[in-house]
Amino acid sequence: MPCCDECISTSHSRCKGIDSLASVVEKTNIETYKEFVNKNINSILHHLDELTNNKSPNIKLGENQCKDIKESQVEIKKKINTRFDLLEKKVFGEKDVIFDKEKSQALFLINEIEGKKKRLKEIQDNLNAITTLRKQESFLGVHIIEQQLPPLQRYIENLDDNEIFNTLNKFRSLKSFEEEAIDKTLNKETSMRRKAQVETQEIKYMTVNIESKNEINTGMVIRDMICLIDGRVVLVQWFGNVYLLTSDCSLVTKIPINGKACCVTQINLNTIAISYPNQKAIAIFELENETITKVIIFEKHCYGLSFCDNYLAVCLGNNDICITDLVGNILSSIQVHSESLLWNLVYRNDVLIYSDCSGKAVYCIDLSGKQLWEYKQELVKPAGICTDNYGNIFIADEGSHRITVISQDGHHSKVLVSEEDGLDYPRFICFEYNEFSGFICDCNGEYLAKFNLSYA
């Protein structure tokens with residue numbers, strides 16, 4: 001440690017290691033010393049530059065991340081708004097259906113009561129017209145009028161006292177219906193997400209066993225097929241008739257409905273919907289009464305159909321899918337991509353899945369039209385599609401003679417049935433209601449194969 005001579009003599013006389021400043025200066029090369037200090041300064045500047053350079057990319061990265069977050073916020077907000085707009089349409093659409101039904105019933109009851117009142121007024125007028133000039137004739141006249149009253153009294157007694165009250169209560173409870181509908185929808189989405197957590201595990205171990213192959217030899221090209229809730233099977237001839245088969249394929253019955261049918265879906269236990277492209281219409285048909293209860297007209301030719309949560313998904317041409325209620329009120333219209341006409345469609349849990357025969361692909365979109373995934377792996381001529389209870393998608397590929405299953409997220413797939421299993425040109429596949437079994441049908445209506453699905 002250098003120090004001046006005066007300080008050494010006065011303050012550091014006993015300190016060791018103290019060098020005379022004059023001797024140190026004499027021995028030091030100033031230029032070398034300056035170079036040394038300058039080197040240290042440059043080293044410090046270099047470190048500071050490195051710190052600055054490191055911070056600048058971090059700032060830029062942070063700016064980009066903030067920008068991405070803002071863009072994501074816009075997309076998320078848009079998706080949420082779309083979802084709630086659709087939910088609002090669903091809720092109010094169902095509300096309108098209920099109101100129209102209850103209003104019709106109430107008006108019918110009122111008209112019926114007005115008819116009874118009119119009849120009573122006529123009876124009363126006839127009673128007042130009876131004179132007392134001839135007692136015996138008057139007595140007989142009153143007696144005849146009296147005999148007309150019991151049916152009207154029974155009508156009043158048999159009339160449900162709570163009928164009008166219940167109707168009014170249904171009108172008043174529309175608000176609670178709206179709240180319940182929202183809760184139901186949100187609960188359904190939660191349930192769907194839970195199922196999605198396990199469905200990918202099912203694909204790997206899934207197998208199909210062909211239980212039987214029934215020769216039906218319809219001699220007609222098949223355009224669509226579904227399994228009804230009661231186990232029967234509906235076959236639709238290519239732009240032709242609609243046929244009803246027993247579950248064991250022992251009896252084939254033609255459904256008495258005119259027109260060139262195309263596709264079919266089930267509404268409830270006793271009701272189906274059938275599309276008629278040439279008429280640009282859908283007919284709602286009751287199986288038990290064998291009657292058409294409603295016809296919905298569209299501006300375009302309608303093809304594939306699927307029913308879910310009281311709403312119909314209807315394929316229009318090759319680039320449009322609309323969601324409508326059973327009255328014909330269109331909730332939304334979704335533009336889609338397809339190289340072929342939209343023949344085959346599944347509407348499930350607020351997603352739409354459709355096959356594109358010419359494009360050799362299967363697409364999954366949400367109700368805003370956003371594509372969630374596409375599947376093109378080794379497809380040749382994908383046709384009929386259906387889903388199991390887990391949401392897995394089953395494709396009948398008549399071009400490759402295969403049945404392929406795709407996971408709900410579109411990430412996994414497996415060939416379950418191939419040409420070696422003896423099923424040529426499979427065009428349609430459908431599950432029995434809430435079962436792990438179903439039917440496969442070929443394009444020419446020659447066979448109906450019963451299959452069982454195993455997940456282990």
Side-chain angles (χ1 to χ4, degrees), residues 199-216 218 221-227 233-236 245 247 249 263-265 304 306 340 343-346 348 353-364 373-456:
E199 54 84 21
T200 54
Q201 300 175 5
E202 306 291 342
I203 293 290
K204 183 177 180 180
Y205 305 103
M206 194 180 293
T207 58
V208 162
N209 172 53
I210 304 299
E211 178 182 311
S212 62
K213 183 180 178 182
N214 302 294
E215 303 295 334
I216 55 176
T218 61
V221 178
I222 303 301
R223 178 45 263 153
D224 203 0
M225 177 184 74
I226 61 170
C227 288
V233 178
V234 176
L235 292 178
V236 181
L245 285 71
S247 58
C249 307
C263 297
V264 63
T265 189
S306 186
S340 58
W343 299 106
N344 305 289
L345 169 75
V346 168
R348 175 189 174 97
I353 306 161
Y354 63 94
S355 61
D356 180 1
C357 180
S358 301
K360 301 179 180 181
V362 175
Y363 297 97
C364 179
W373 53 263
E374 68 175 16
Y375 181 88
K376 294 186 175 181
Q377 185 176 329
E378 298 181 352
L379 293 178
V380 180
K381 195 177 180 182
I385 55 179
C386 68
T387 58
D388 64 5
N389 293 330
Y390 293 98
N392 300 310
I393 301 96
F394 295 76
I395 311 297
D397 186 356
E398 61 179 299
S400 66
H401 310 281
R402 291 177 174 178
I403 301 295
T404 300
V405 60
I406 306 172
S407 62
Q408 184 177 348
D409 57 12
H411 295 163
H412 308 276
S413 66
K414 182 180 181 180
V415 175
L416 297 176
V417 177
S418 61
E419 191 172 6
E420 289 74 17
D421 295 297
L423 299 184
D424 297 331
Y425 303 102
R427 174 171 284 182
F428 298 105
I429 179 171
C430 59
F431 280 92
E432 295 179 289
Y433 181 68
N434 278 342
E435 298 290 343
F436 298 119
S437 58
F439 296 93
I440 299 170
C441 180
D442 69 317
C443 61
N444 295 318
E446 295 178 356
Y447 68 80
L448 196 63
K450 177 72 177 290
F451 72 87
N452 293 305
L453 181 66
S454 174
Y455 294 91

Any sub-3.5 Å donor-acceptor pair from [X]'s side-chain atoms to [Y]'s backbone N or O?
| X | Y | result |
| --- | --- | --- |
| Ser407 | His412 | yes |
| His401 | Tyr425 | yes |
| Asp356 | Ser340 | yes |
| Asp421 | Leu423 | no |

Less than 4.5 Å apart, any side-chain heavy atom of [X] and any of [Y]?
| X | Y | result |
| --- | --- | --- |
| Ile403 | Val415 | no |
| Asn392 | Thr387 | no |
| Phe431 | Phe451 | yes |
| Met225 | Val233 | yes |
| Ile353 | Leu345 | no |

Donor-acceptor pairs under 3.5 angstrom involving side-chain atoms of residues 206-216: please list them, not counting sequence neighbours.
residue : atom : partner : partner atom : Å
Glu211  : OE1  : Asn452  : ND2          : 2.7
Lys213  : NZ   : Gly422  : O            : 2.8
Asn214  : ND2  : Leu448  : O            : 3.4

Q: For Phe428 and Phe394, run ring-ring contact (aromatic ring centres under 6.0 Å, His included): C-alpha distance rounded to whole Å, both residues' side-chain angles, the deciding distance at 0.1 Å, then the answer.
A: CA-CA 10 Å; Phe428 298 105; Phe394 295 76; over 10 Å; no
Q) What residue pairs, at least two apart or across chains, pass salt bridge (Lys or Arg N to Asp or Glu O under 4.0 Å) with a residue in residues 431-443? A)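 Applying salt bridge (Lys or Arg N to Asp or Glu O under 4.0 Å) to every pair that reaches into residues 431-443, excluding sequence neighbours, yields Glu432-Lys450.
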(Q) Using the side-chain contact (heavy atoms from CB on, under 4.5 Å) criterion, which residues pair with Phe436? Sequence neighbours excluded. (A)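 For Phe436, the residues satisfying side-chain contact (heavy atoms from CB on, under 4.5 Å) (neighbours in sequence not counted) are Asn389, Tyr390, Leu453, Tyr455.
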(Q) Looking at every non-hydrogen atom in both residues, tell me the closest pair between Val264 and Ile226 and how far apart they are. (A)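 Here Val264 and Ile226 meet closest at O-CG2, 3.5 Å.
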Q: Sequence neighbours left out, what passes side chain to side chain donor-acceptor pair (under 3.5 Å) with Asp224? Give chain and number order.
A: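 Side chain to side chain donor-acceptor pair (under 3.5 Å) check on Asp224 returns nothing, list empty.
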Q | With Thr404 via side chain to side chain donor-acceptor pair (under 3.5 Å) - residues at least two apart | A |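 Scan of Thr404 (side chain to side chain donor-acceptor pair (under 3.5 Å), adjacent residues dropped) gives none.
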Under 3.5 Å donor-acceptor pairs involving side-chain atoms of residues 373-384, not counting sequence neighbours:
residue : atom : partner : partner atom : Å
Trp373  : NE1  : Gln408  : O            : 3.1
Tyr375  : OH   : Ser413  : OG           : 3.0
Glu378  : OE1  : Arg402  : NH1          : 3.0

